[in-house]
Amino acid sequence: MTWVHAWRRSAVRRTGTKEALMQALRLMAWKSEPELVEVEDPLPADGQVVVRIGGAGACHSDLHLMHDFDAGLLPWGPPFTLGHENAGWVHALGPGVVGLEIGQPVAVYGPWGCGRCQRCRLGIETYCDNPLGAPVPGGGGGLGLDGGMAEFMLVPDARHLVPLPAGLDPVIAAPLTDAGLTPYHAVRRSWAKLPPGSTAVVIGVGGLGHLAVQILRATTAAQIIAVDNRPEALQLASECGADHTMAPGDTTAAAIRDATEGRGADVLLDFVGADDTLALGVAAARMLGDLTLVGIAGGSLPVSFFSVPYELSIQSTYWGSRPELIEVLDLGARGLLRPTITTVPLDQAVEGYRRMEAGTVEGRTVVIPGAPSAVH
Ligand SMILES: [Zn+2]
Ligand SMILES: [Zn+2]
């Protein structure tokens, strides 16, 4: 936001008219870059909350939204404001909302289900049984509805807000709601297979993978092996607590077996999801292990009686639950989960996505709507 714009906004606000406008980074059409446009400030209706955004994480899945979809492929579409990893402060409460205070720091739980089915009542809104009863089927803020890449975000139900533990900055909390929650869910469901003496393999040490290493280190006693083809990613994995790091290649599966006395790895988390990373996962897996597919590269894996270790469980996972987000934020507040972050102001968010696509950003890009622009 420019200073002139900030001044004009405050002038509009002071008049008390309804015409207060904010800048928002909106996807206006499929197969296009998002645009910074002016929209009206949101107003909360019954049960709703407006959050002043402190940080909005830029996710690789946003690049898929910009490049890979055509009309009709998803049950929702543009225009909408991007940003599905959000945290900030309660700004305005709709009628009937209790239990939240203006100014209270909160994280926004991103997947929005129907709120009434059994899964939603358990806080597992990612796997809502009644998606047609959700605000948008299979979406949420930044995914069909307006997200957090704006000064304010409308959250359609107070249940989606999780108070931040003391000391956790919204800029850190924002990426934890997805880049932290997604690997946390994937690791947590395999906890029973990660006792002392076990081995976990993280394939792909990007925004999610480097947090997966930290989550494994903080919540299990497993030996951790990280695999990535970028030396700097392996360096980051070591700093996050990996015991061994390896580049992917013909000998990687054998090296993982060497590091596990020939048994193979108990749990393998694939944050890439390409044909060759999935093949590596199977080749390095232990019988009775878990191979969990998190990355959305779209690869596939042939499964037959002879092609995979006995009782290897293969599953995809998507995002995580609201109770798990509470646990992730606790890890963040205690310094056990520390995302590597690059911040950009809202008017440089498009450029931030371009750098992310080019692979030249360190860690997660977090957009800060209230930050003044750099001087050009
Ligand atoms: Zn995401
Ligand atoms: Zn539901």
Side-chain angles (χ1 to χ4, degrees), residues 25 27 34 47 53 55-69 74-76 80-87 107-149 153 156-157 159-160 172-186 204 206-212 215 269-273 293-298 316-325 328 339-342 349 352-353 356-357 361 363-367:
L25 188 76
L27 191 68
I53 294 295
C59 180
H60 270 89
S61 62
D62 294 331
L63 298 176
H64 289 277
L65 290 177
M66 295 171 203
H67 300 316
D68 296 343
F69 292 98
L74 291 175
W76 41 263
F80 60 89
T81 302
L82 287 171
H84 59 264
E85 308 182 353
N86 305 300
V108 182
Y109 175 65
W112 297 343
C114 75
R116 294 179 299 281
C117 74
Q118 186 190 38
R119 291 275 162 77
C120 284
R121 287 179 189 281
L122 288 168
I124 313 172
E125 302 209 16
T126 39
Y127 304 148
C128 171
D129 284 323
N130 178 31
L132 292 179
V136 289
L143 298 166
L145 296 169
D146 289 341
M149 294 208 180
M153 175 180 177
D157 193 296
R159 77 176 187 278
H160 301 308
I172 308 288
L176 293 183
T177 64
D178 179 13
L181 179 57
T182 299
Y184 184 77
H185 175 73
L208 277 66
H210 86 284
L211 293 177
I215 290 161
L269 304 158
D270 185 350
F271 291 98
V272 182
L293 169 55
V294 186
I296 54 176
S316 57
T317 62
Y318 176 62
W319 221 332
S321 72
R322 193 165 53 241
E324 288 167 342
L325 178 57
V328 166
T340 302
I341 284 172
T342 298
Y353 276 114
M356 207 169 92
E357 193 162 20
V361 182
R364 199 64 156 182
T365 299
V366 176
V367 175

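Here, residue 1 is the first one in the sequence, and each next residue gets the next number. Both counts, for ligands and for their atoms, begin at 1 and track the order of listing.
Taking the Zn ion (ligand 1) as the apex, the angle formed with OD2 of Asp178 and NE2 of His84 is 100°, to the nearest 10 degrees. For the pair SG of Cys120 and SG of Cys117, the angle at the Zn ion (ligand 2) is about 110°; rounding is to 10 degrees.
For the Zn ion (ligand 1), the N/O/S atoms of His60 include none lying under 2.8 Å.
Close placement of the His160 and Trp112 rings is indicated, their centers lying within 6.0 Å of each other.
Side-chain atoms of Thr177 come within 3.5 Å of backbone atoms of Ala174 as a donor-acceptor pair (strictly under, hydrogens ignored). For Arg116 (side chain) and Cys114 (main-chain N/O), a donor-acceptor pair under 3.5 Å exists by modelled atom type.
Between Leu65 and Trp76, the closest heavy-atom pair is CD2-CH2, 3.8 Å.
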